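Structure first, then comments.
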Amino acid sequence: MDLLSDLTPAQREAVTHVEGPLLVLAGAGSGKTRVITRRVAHLVSHGVRPYEVLAITFTNKAADEMRSRIAALVDTRGLTIATFHAFCARVLRMHGDLVGIDPGFAIYDSADSRRAVKQVVEGIGLDTTHWSPNRIAGRISRLKNQLQTPETFAAEATDFSGKNVARIYTAYRDLLLANNALDFDDLLMHVARALRENEAFLGVMQDRYRFILIDEYQDTNEAQYHIAGRIADRHRNICATGDPDQSIYGWRGANLNNILDFEKDFPGCKVVRLERNYRSTPQILSAASSLIRYNRKRKPKELHTGNADGPAVRVVEVESAEDEAKLIAEEVARDYPGGTGLAGVAVFYRVNALSRAAEDALMAANVPYEIVRGTSFYERQEIRTLVAYLRAIANPADDLAVERIINAPPRGIGDTTVKRLQAFAKAEHVGLLEACRRAGKVDGLGQRAVAAVARFVKLMDTLGAVDQAQVEPLVRRLIDLTGYDAWCRKLAAGEDDRVENVNELVSVAAQFDDEPPPDAGDAPAGTPPGDALMQFLERVSLTSDQDAVHETAERVHLMTLHAAKGLEFPTVYMIGLEEGLLPHIMAEEQDRDDEEERRLCFVGMTRAKRKLTMTFTRYRMHRGVTGRQMASRFLQEIGLTGVERQVLADADGGHDAAPHPRVGRTFNRWRGPSSGRRHKPVSADEAPGIGAAVPHDDCPYRPDQWVRHQTYGVGTILAVSGSGEDTKVRIRFPHLGEKTFAVRFAKLEILDKGA
DNA sequence: CTCGGATGGGTTTTT
DNA sequence: CCCATCCGAG
């Protein structure tokens, strides 16, 4: 097929660029995936061997999609398309010897490393409340992303806390080493460091990958940046695609500067801007652009579209989270009778806690919905344990896996017995499974315990003897020998989805067995070593997308703003647009600027194709306490053009300027019975405006109102004090902070009336 | 081993 | 408020 005819000039430029660095700044909805797939196809059809091309994505889903879309255009055999992690895992299996890594390593996911960190913290004798394994694991993860080893970090850690983290990090590293395991960050760090320190390894990689493409470059962390940069260093054929305005993983170590400085890192690079948006209406685009212009850390970019006009972006103020949810549920029920088209509706929120009210309301209104959660198939207990068996079989040194399965299903090996075995293992410098083999020599074990452990060892030996060329028979045997189904049924007590999940894993294994072995190109060089079992486990550890969004299911999709990235829906509701939630209070405290939060809002808005509704509440209950909420600053930053505002709440008299802290349910009682106008749209003329209450005297200014100041521009009123000539208003301006004015002098224009 | 209450901690989470 | 985890009783 013709690879170019249906492309815009800018897209074509990116597709046909062959030699030299290329940066594609792809605005939201600008057809980026199309450009990448065409570009790879173009390279291949112009004589580049697929074997020499490396394409990196951030998710398995993206990698799969890219592969199939390229396959529709050219022969993809030999092409490497993978996530950074999968790519590094294969590289290390292949060339681990060059780098000093046993290629039979297990891969620990975040839950595994958290457990390992916990063990280490306890082992050192630190208190796990103060030294929270979660937090420390995060800290270690960040260190690894910055390519810090325990040694380099210990050298610069001077304070008490830093020194302890260094101790934990060191012990954690040793634990993983003893278990022959790598965590997610290790996969990247080892490859990155090896590329820096090992000439032979660097040579192998540079020789092979003459062309590399990195998608979502704005989300790369330090380690990934090094990997890409070092490999591309010789041939300089690196193509980075991404959008600084959609960088939302800074808190996880992504470094926005990677994309902002790309031109400096690769002088002479070509830059292509894709600014035409194929997704949204001009109204949505105008509001989103207006918002993102408040950011400084970006590459100026103007999105435009040829799409037809749509409805105005709606900003709706409601009384409570329940009203907010009800608004959506009732509107959706009204607009989609019979449920047809529901797949095109999504609800986004900043934190998972906000999903609950929406769920309740949708359920009450009988609207089918689905929560797109992080908890995936492989994180379920029954699956994790089953996989732990497989891991222990593949890698008997994996103590974490052995510990998990030693008494699951229960077989009479209690905590005390495990503790004794562990102590013995530590003293003898052997693994836990090896300690089990020598249970007879372990002090303090009674006859009964020794017998139970012996049964476990026998089980593992039997399983170990099963042919590992195929995974499914092994899994079946395992389920059989352990009585796994019966155990699951017992645990499930009522819901039997556990057994179903187990069956699902059997099918996954069967499917895996049926796949043709990866062709040579999938591996960095030749086919990776390791049997089917190890490859299966690798797939399992590096896959979290199993709960992929069923984009076709006729249901409303509920998800966090982070989960929304990369998706699109005709109708989008964004809820909880309130100060403290979006921007989130924690994010603000940590980063000291609100730009990533603004990008998050931008990402959410630009998911919408036609209809975008953003809501905020006056009162919201958080951790059992109902608090007064303020409209998000982002709602004023989206501007006034193409935006319509509604107030669907009582004009509740009695408020004064100060926030009313209220507790629990007392709020409703306090407010009194006055729900006459609830849930009825208020016409522009009546609408008192964002967050406005009925004025308590003649003063026209009210908290949450938007006003324009002659010199400072548009801001939100925070509080009104005094009366008559002495009336003062406190106003917050974006970027300028808060200021107080005497209304007698300041020329304030009220903006939000009928905006 | 399993159940229940007490206790503590609660942003987001591509791999 | 909602949960995951811990610990003691049966």
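Given the structure is predicted, the values throughout are model-derived calculations rather than measurements. So you know, we letter chains A, B, ... as the sequences are listed, proteins then strands, and number each from 1.
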Under 4.0 angstrom, heavy atoms only, what part of the nucleic acid is [X] near: base, sugar-phosphate, or nothing?
| X | result |
| --- | --- |
| A:R620 | nothing |
| A:D415 | nothing |
| A:Y249 | base |
| A:G414 | sugar-phosphate |

Expressed in angstrom and rounded to an integer, what is the separation of [X] atom [atom1] from [N] atom [atom2]?
| X | N | atom1 | atom2 | value |
| --- | --- | --- | --- | --- |
| A:D127 | B:dG9 | CG | C1' | 14 Å |
| A:M586 | B:dT11 | CE | C1' | 7 Å |
| A:I413 | B:dC1 | CD1 | P | 10 Å |
| A:Q381 | C:dA4 | CD | P | 10 Å |
| A:F184 | B:dT13 | CZ | P | 15 Å |
| A:H584 | B:dG10 | NE2 | P | 12 Å |
| A:L581 | B:dT12 | CG | P | 11 Å |
| A:K565 | B:dT11 | NZ | C1' | 17 Å |

For the side chain of [X] and the backbone of [Y], is there at least one donor-acceptor N/O pair under 3.5 Å apart?
| X | Y | result |
| --- | --- | --- |
| A:R93 | A:P103 | yes |
| A:R411 | A:I406 | yes |
| A:S68 | A:E65 | yes |
| A:R599 | A:Q246 | no |
| A:N295 | A:I292 | no |
| A:E568 | A:A608 | no |
| A:N407 | A:P410 | no |
| A:D183 | A:D185 | yes |

Side chain of A:T59: nearest nucleotide among B:dT11, B:dT14, B:dT13?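 The answer is B:dT14, which lies nearest to the side chain.
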Closest listed nucleotide, where the reference is the side chain of A:W251 and the choices are B:dC1, B:dT12, C:dC1: B:dT12
So for atom CZ, which belongs to A:F456, do other residues, nucleotides or ligands contribute more than 12 heavy atoms lying within a distance under 6.0 Å?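 Above 12, so yes.
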Decide if atom CD1 of A:I124 counts as having more than 12 heavy atoms of other residues, nucleotides or ligands within a radius under 6.0 Å.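 Yes.
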Just verifying a value: how many Å separate A:I56 CD1 and A:M66 CE, rounded to the nearest 0.5 Å?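 One finds 9.5 Å between CD1 of A:I56 and CE of A:M66.
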To the nearest 0.5 Å, how far apart are CG in A:L542 and CG in A:L537?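 If we round to the nearest 0.5 Å, A:L542:CG and A:L537:CG are 10.5 Å apart.
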Under 4.5 Å between any side-chain heavy atoms of A:V540 and A:L390, yes or no?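 Sidechains of A:L390 and A:V540: no contact.
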B:dG10 phosphate, OP1 or OP2: any side-chain N/O from A:R135 under 4.0 angstrom? yes
Presence of A:T560 side-chain N/O under 4.0 Å of B:dT13 phosphate oxygens OP1/OP2: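 So the side-chain polar atoms of A:T560 do come within 4.0 Å of the phosphate oxygens OP1 or OP2 of B:dT13, strictly under.
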Measure all distances between protein nitrogen or oxygen atoms and nitrogen or oxygen atoms of nucleotides 5-8 of chain C, and list the pairs falling under 3.5 Å.
unit_1	atom_1	unit_2	atom_2	d
C:dC6	OP1	A:K118	NZ	2.6

With 3.5 Å as the limit, what N/O pairs link the protein to nucleotides 3-8 of chain B?
none

Toward the 5' end of DNA chain B, which comes first, A:S132 or A:A254, by nearest nucleotide?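 Residue closer to the 5' terminus by nearest nucleotide: A:S132.
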Where along residues 350-358 of chain A does a heavy atom come under 4.0 Å from DNA chain B, residue by residue in number order?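 Heavy-atom contacts with DNA chain B come from A:R350, A:V351, A:N352.
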Rounded distance in Å between the P positions of B:dT12 and C:dT5: 15 Å
